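Right, one structure below, let's go through it.
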There are 2 protein chains.
Amino acid sequence: MNQSEAKRGRPSKDKDSLSAELIISKVKFMMDGTGKVPSMRAISKELNVDPMALYYYFNNKSILLEGVAKSLMSEIYVPSGKLDWKQELKKLSISYLAILKKYDGLLETLLSMSSNSPADVFISRFSLIVSPLKLRNDQEKAFLDLLVDYLHGFSMALACDSTGELTPDCADNSLDFLFKGVRVRTTT
Amino acid sequence: MNQSEAKRGRPSKDKDSLSAELIISKVKFMMDGTGKVPSMRAISKELNVDPMALYYYFNNKSILLEGVAKSLMSEIYVPSGKLDWKQELKKLSISYLAILKKYDGLLETLLSMSSNSPADVFISRFSLIVSPLKLRNDQEKAFLDLLVDYLHGFSMALACDSTGELTPDCADNSLDFLFKGVRVRTTT
DNA sequence: TTAATATATTCTACAATGTAGAATAAAGTT
DNA sequence: AACTTTATTCTACATTGTAGAATATATTAA
């Protein structure tokens, strides 16, 4: 709350009071367009609440941001199982890129998370899609790392690009190039 | 300078006085180990100078950091021309990664630079190495983007990794996987 | 030589950031 | 009714980048 116009102490019961979910959804709303993470003060202002109120729900800012990141997992493409692996992988990658573009301020948060991150969801869906290829374990791992790190790198490039020339579909060619090179182990 | 123990105004002529180069090399020295960018105050303290003195040489911090980034170009591998393209590209990539690891706080600076960045040097050396492959233009571009963005993504993962499990040579497998997939156009 | 100007520095100060710590008031429990 | 827990606001601090003004030396012009 602002200049001494707000009551201190626990507020009287209210249906739509503050909550972790409300905070997270407000942050996502505020990131829309810019993709940048707002300051704690800016968030609290949008919620008509004192900055420190946020700390009741999240111990610190990076935990709040991890909460936001976790909430994005549902936006990742779920393989249909009906398309061939290249198409599925393309769809998976594009959906992941779309998230990274929309919330690029979360990239570091994402990479720093030890588990339950969108990256983990991506990884498990990748494995699902790619399993029919019967790649050797180390080959699948190499493929996965290459793809994931490429996507992170690309979205960083997107975020840093001030010219506006770079768009998400610039990734298309590189993805095709990558997929084309994958040697499918023909079943013996 | 610190608590009012320093003379104001232009200092009397001195051989080893402040300069853009001195500032840049001090920043590089300070980044050694952590890879993190120091604050302007921290830099100025190391140089026994007032923070604002730095602004005489660089209009703002990000221009200073661009200066640091530019100075790193010389550390990028120069193709010998004696190895095959895979080995050359591997060496080029590894040297680039080593820089990114050592100075990971500069990643954003690097990606935001419009020209004369180490990334540009990387690109031109890539072209040199890869030209014998006679790839189609769009294919070479796709390859390059894939590689560069992968390297940026990987070094971001390195920087964010708190477990310490991730090391630069984890990139080896992915690079091999990538190179193996490249279809060389056999000369007609 | 002296006056004017350019150069290189320090000092003070401000706005923005994350957040620790204490005060406070309503809700829930005994 | 007293005590405890919960959810909030307020105050305050350290850190950041850097604008603006004061100042002292170096260089150039008169």
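Naming: A, B, ... by sequence-line order, numbering from 1 per chain. None of the values given here were measured: they were computed from a predicted structure.
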Using the test ring-ring contact (aromatic ring centres under 6.0 Å, His included), find all partners of F122(A) that sit at least two apart in sequence or belong to another chain.
Y96(A)

Heavy-atom contacts, protein to nucleotides 25-30 of chain C, under 4.0 Å, summarised as B (base), S (sugar-phosphate only) or - (none) per nt, yield BBS---

Under the side-chain contact (heavy atoms from CB on, under 4.5 Å) rule, collect the residues that match up with M52(A), sequence neighbours excluded.
D50(A), Y55(A)

Side chain of A53(B) only, heavy atoms from C-beta on: which candidate in dT9(C), dT8(D), dT18(D) is closest?
dT9(C)

Excluding sequence neighbours, so at least two apart, what forms side-chain contact (heavy atoms from CB on, under 4.5 Å) with E46(A)?
K26(A), M30(A)

Contacts under 3.5 Å, N or O only, protein and nucleotides 15-17 of chain D:
residue, atom, partner, partner atom, Å
dG17(D), OP1, K61(B), NZ, 2.1
dG17(D), OP2, M40(B), N, 2.9
dG17(D), N7, R41(B), NH1, 2.6
dG17(D), O6, R41(B), NH2, 2.9

We want to know whether K134(B) and Q139(B) form a side-chain donor-acceptor pair, criterion being a heavy-atom distance below 3.5 angstrom.
no

Taking ring-ring contact (aromatic ring centres under 6.0 Å, His included) as the test, write out the residues that go with F177(A), two or more places apart.
F143(B)

Review item, side-chain donor-acceptor pairs of residues 161-168 of chain B, under 3.5 Å, at least two apart:
residue, atom, partner, partner atom, Å
D161(B), OD1, T163(B), N, 3.2
D161(B), OD1, T163(B), OG1, 2.7
D161(B), OD2, T163(B), OG1, 3.4
D161(B), OD2, G164(B), N, 2.9
D161(B), OD2, E165(B), N, 3.3
D161(B), OD2, L166(B), N, 3.3
T163(B), OG1, E165(B), N, 3.1
T167(B), OG1, D169(B), OD1, 3.0

Contact check, residues 62-69 of chain A vs DNA chain C, heavy-atom distance under 4.0 Å, returns none

Which atom pairs, one a donor and one an acceptor, fall under 3.5 Å between side chains of residues 60-69 of chain A and the rest of the protein, sequence neighbours left out?
residue, atom, partner, partner atom, Å
N60(A), OD1, S62(A), N, 3.2
N60(A), OD1, S62(A), OG, 3.1
N60(A), OD1, I63(A), N, 3.0
K61(A), NZ, P38(A), O, 3.0

With S174(B), which residues qualify under side-chain contact (heavy atoms from CB on, under 4.5 Å), at least two apart?
A142(A), D145(A), L146(A), Y150(B)

By the side-chain hydrogen bond (donor to acceptor under 3.5 Å, both in side chains) test, which pairs, at least two apart or in different chains, include something from residues 27-38 of chain B?
K28(B)-S71(B), K36(B)-D104(B)

Residues two or more places apart in sequence or in another chain: which of them pass side-chain contact (heavy atoms from CB on, under 4.5 Å) with S124(A)?
none

